[in-house]
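Notes for the one structure printed next.
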Amino acid sequence: MQEQLERAAALLARARRVTVLTGAGVSTDSGIPDFRGPQGVWTRNPEAERLSSYQAYRDDPEVRRESWRQRAAHPVWSARPGPAHEALVALERSGRLRALLTQNIDELHQAAGSAPERVVELHGTVHRTRCLSCGALAPMSEALDRVAAGEEDPPCPDCGGILKSATISFGQALDLDVLRRAQDAAQDCDVLLVVGSSLGVHPAAGLVDVAAAAGADVVIVNAEPTPYDDVATVVLRGGAGELLPRILGGG
Ligand code: NAD
């Protein structure tokens, strides 16, 4: 492990452009469960996967009511960034961060101090709502206030359409501009650093192929094996909050 740590640290120290791809594992230390880890939402309750289906949300009012109940009680509203988020801010301050691509929807990278213009939110943000009919965006707090006041499935105030968090659910396409920015950053880096992702969700996981095909070294930091471990130059198995400060020079 020590040898792999040193190898990862050396690759990162000499890289001029590092693109980072994060997943739910960078936020578990902040109290937000992942989906597929041992304590993941879906691992504990496979039924919960239905709440992440776009079609089920659109077509089934009971799925929407349950989603609003869960959103209102979600740990994301009180979560604070952890050491993994902070280590990535330090990388950015060193002037070598090309882009921070995240599958997370919790905005904890921005809360830690990552520059919003460098953060590419592949799967959107839970801090806003989007109307499925007219596309209007609004702060999530407005919808949650209505839920707290008794509305079980608050409709769009502009057109009466269905409101959802401004996130990409399964069955929903990614924003093409966002995906293009992410692909450009994966193609244009010396090292792609993947942190806390099962790399089981496409097209996000395919960014590893893009970086590797362009000749970048891939460093994977994750608690469990991923389908891309064979592609990586270095794989570090363990906690992101402990390992990132060590390979990025902060601890
Ligand atoms: P995932 O649940 O599929 O995988 C998370 C991975 O992180 C697992 O392999 C797990 O072993 C690992 N992990 C957990 N804690 C870790 C830690 N402290 N250090 C290192 N590794 C750790 O998540 P994913 O790959 O991001 O993809 C699933 C989808 O889940 C994404 O689309 C994302 O939008 C969504 N999601 C986001 C959040 C969030 O915003 N915080 C939370 C849950 C799910």
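In each ligand, atom 1 is the first atom listed, and ligand 1 is the first ligand listed. For this chain, numbers begin at 1 and follow the sequence in order.
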Let me have the donor-acceptor pairs involving side chains of residues 201-220, under 3.5 Å, with sequence neighbours excluded, atom names and distances please.
{"from": "Asp209", "atom 1": "OD2", "to": "Tyr228", "atom 2": "OH", "distance (Å)": "3.1"}
{"from": "Asp217", "atom 1": "OD1", "to": "Thr233", "atom 2": "OG1", "distance (Å)": "2.9"}

Under 4.0 Å from any heavy atom of Ala24, which atoms of ligand 1 are there? 23 (O), 24 (P), 26 (O), 38 (C), 42 (C), 43 (C), 44 (C)

Exam field: side chain His127 to backbone Pro139, donor-acceptor pair closer than 3.5 Å: no

Answer with yes or no whether the side chains of Gln70 and Glu66 bring together a donor and an acceptor at under 3.5 Å. yes

Based purely on interatomic distance, does Phe170 place a nitrogen or oxygen under 3.5 Å from a nitrogen or oxygen of ligand 1? no

Which heavy atom of the protein is the closest neighbour of atom 1 (P) of ligand 1, given with residue, atom name and distance? Ser198 OG, 3.6 Å

Among protein heavy atoms, which sits nearest to atom 12 (C) of ligand 1, and what does the distance come to when rounded to 0.1 Å? Asn222 OD1, 3.2 Å

Donor + acceptor pair across side chains of Thr22, His109 (<3.5 Å): yes

Quick one: do Ile247 and Val195 end up in the same hydrophobic cluster if we chain Ile, Leu, Val, Met, Phe, Trp and Tyr together by side-chain heavy atoms under 4.5 Å apart? yes

Has ligand 1 got any nitrogen or oxygen that is less than 3.5 angstrom from a nitrogen or oxygen of Gly23? no

Can you list the ligand 1 atoms lying under 4.0 Å from a non-hydrogen atom of Gly196? 5 (C), 6 (C), 7 (O), 21 (N)

Hey, which atoms in ligand 1 end up nearer than 4.0 Å to a heavy atom of Thr28? 14 (C), 15 (N), 16 (C), 17 (C), 18 (N)

Do Lys164 and Thr129 have side-chain N/O donor and acceptor atoms under 3.5 Å apart? no

Counting only heavy atoms closer than 4.0 Å, does ligand 1 sit against the backbone of Pro33, its side chain, both, or neither? backbone

Going by the 4.0 angstrom heavy-atom rule, the piece of Asp34 near ligand 1 is both

Closest to atom 17 (C) of ligand 1 among protein heavy atoms sits Gly25 O, 3.3 Å

Suppose we measure from atom 35 (C) of ligand 1 to each protein heavy atom; which comes out shortest, and what is that distance? Phe35 CE1, 3.7 Å

Looking at Arg130, Gln110, Glu107, which hits side-chain hydrogen bond (donor to acceptor under 3.5 Å, both in side chains) with Thr125? Glu107

Numbered atoms of ligand 1 (with element) below 4.0 Å of Val201, judged on heavy atoms: 27 (O), 28 (C)

Test the Arg71-Trp68 pair against the cation-pi criterion, namely NZ or CZ under 6.0 angstrom from the six-membered ring centroid and within 45° of the ring axis. yes

Quick check on the hydrophobic clustering: are Val178 and Leu192 connected, directly or via other members, by side-chain heavy-atom contacts under 4.5 Å? yes

Ligand 1 versus Asp106: contacting region, heavy-atom distance under 4.0 Å: both

Looking only at heavy atoms, is any part of Arg36 under 4.0 Å from ligand 1, and if so is it the side chain, the backbone, or both, or is it neither? both

Determine, using heavy atoms of Gly238 and all atoms of ligand 1, whether some pair is separated by less than 4.0 Å. yes

Do Ser27 and Asp106 have side-chain atoms, one donor and one acceptor, less than 3.5 Å apart? yes

Please check if the side chain of Thr43 supplies one atom and the backbone of Gly37 the other of a donor-acceptor pair under 3.5 Å. yes

Looking at atom 37 (C) of ligand 1, what's its closest protein heavy atom, distance included? Asn104 OD1, 3.8 Å

In ligand 1, the atoms that come under 4.0 Å of a heavy atom of Gly239 are 19 (N)

Taking Asp29 for its side chain and Gly82 for its backbone only, find out whether a donor-acceptor pair lies under 3.5 Å. no

Distance alone, cut at 3.5 Å: any donor-acceptor contact between the side chains of Ser198 and Glu224? no

Starting from atom 25 (O) of ligand 1, locate the nearest protein heavy atom and write down its residue, its atom name and how far away it is, to 0.1 Å. Ser197 OG, 2.8 Å

Check each atom of ligand 1 against the heavy atoms of Ser27 and keep those under 4.0 Å away; list them by number with element. 41 (N)

What are the atoms of ligand 1, with element, lying closer than 4.0 Å to any heavy atom of Glu224? 8 (C), 9 (O), 10 (C), 11 (O)

For atom 22 (C) of ligand 1, tell me which residue out of Ala223, Ala205, Ala240, Gly124 has the closest non-hydrogen atom. Ala223

Check each of Gln103, His123, Glu242, Arg237 against atom 32 (O) of ligand 1 and report the one with the nearest heavy atom. His123

Just jot down the side-chain contact (heavy atoms from CB on, under 4.5 Å) partners of Ile168, sequence neighbours excluded, or say none. His123, Gln172, Leu174

Test of proximity, Ile105 against ligand 1: N or O pairs below 3.5 Å: yes

